[in-house]
Amino acid sequence: MLLGLAALKLFFLDVCLWGSWTGGNIFPIVFAALPNGFAIAQLLPTNDTTLIVMLVGISSGIGLLGNIWLESSSVSYTHLRAHETSAHL
């Protein structure tokens with residue numbers, strides 16, 4: 001289901017950019033790359049979930065954006081920030 005939602009997000013991003021809607025593709029790609037990581041992490045339950053989500057999210061985002069520094073820094077910051085928040089709860 002997560003992979004389907006990520007694909008749907010990318011489809012609607014393409015539709016919006018094709019229709020000349022303003023905005024960029026960085027945040028939609030980040031929000032589509034992280035569910036890919038969570039989907040793969042569910043397939044590998046014995047491994048570290050945080051590491052899998054970050055690796056898969058960063059690599060799929062790099063593949064979609066083509067910019068290694070922009071995607072790796074944004075996904076790393078987003079995921080580490082969420083991990084810190086959940087650790088304090």
Side-chain angles (χ1 to χ4, degrees):
M1 181 163 184
L2 288 172
L3 292 175
L5 290 174
L8 192 63
K9 178 70 174 171
L10 292 174
F11 171 74
F12 282 121
L13 169 66
D14 192 37
V15 168
C16 289
L17 291 177
W18 178 78
S20 300
W21 284 56
T22 59
N25 58 357
I26 295 170
F27 285 112
I29 287 179
V30 168
F31 294 136
L34 288 178
N36 286 336
F38 281 109
I40 299 299
Q42 287 180 350
L43 297 174
L44 305 167
T46 59
N47 296 327
D48 184 21
T49 303
T50 304
L51 179 66
I52 293 172
V53 170
M54 284 186 61
L55 289 177
V56 172
I58 289 172
S59 60
S60 61
I62 288 170
L64 291 169
L65 275 179
N67 188 337
I68 189 169
W69 300 111
L70 180 64
E71 180 62 25
S72 61
S73 63
S74 63
V75 170
S76 296
Y77 178 75
T78 303
H79 190 69
L80 288 176
R81 208 52 200 151
H83 185 66
E84 287 176 3
T85 304
S86 65
H88 292 291
L89 293 177

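Among Thr46, Thr50, Ile52, the one residue that satisfies the side chain to side chain contact (heavy atoms under 4.5 Å, CB included) test with Asp48 is Thr50.
Side-chain atoms of Ile29 and Leu10, non-hydrogen and from C-beta on, do get closer than 4.5 Å to each other.
Nearest approach of Leu2 to Pro35, heavy atoms of both residues: CB-O, 3.7 Å. Of all the heavy atoms in Ser60 and Asn36, the pair that sits closest is OG-ND2, 3.9 Å. Closest approach of Ala32 to Ala6, counting heavy atoms only: O-CB, 3.3 Å.
Val15 and Leu8 end up in the same hydrophobic cluster when Ile, Leu, Val, Met, Phe, Trp and Tyr side chains are linked at under 4.5 Å. Both Leu43 and Val56 belong to a single network of hydrophobic side chains, linked directly or stepwise wherever heavy atoms of I, L, V, M, F, W or Y lie under 4.5 Å apart.
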(Q) For Leu44 and Thr49: C-alpha separation, side-chain torsions, deciding distance, then whether side-chain contact (heavy atoms from CB on, under 4.5 Å) applies. (A) CA-CA 8 Å; Leu44 305 167; Thr49 303; over 6 Å; no

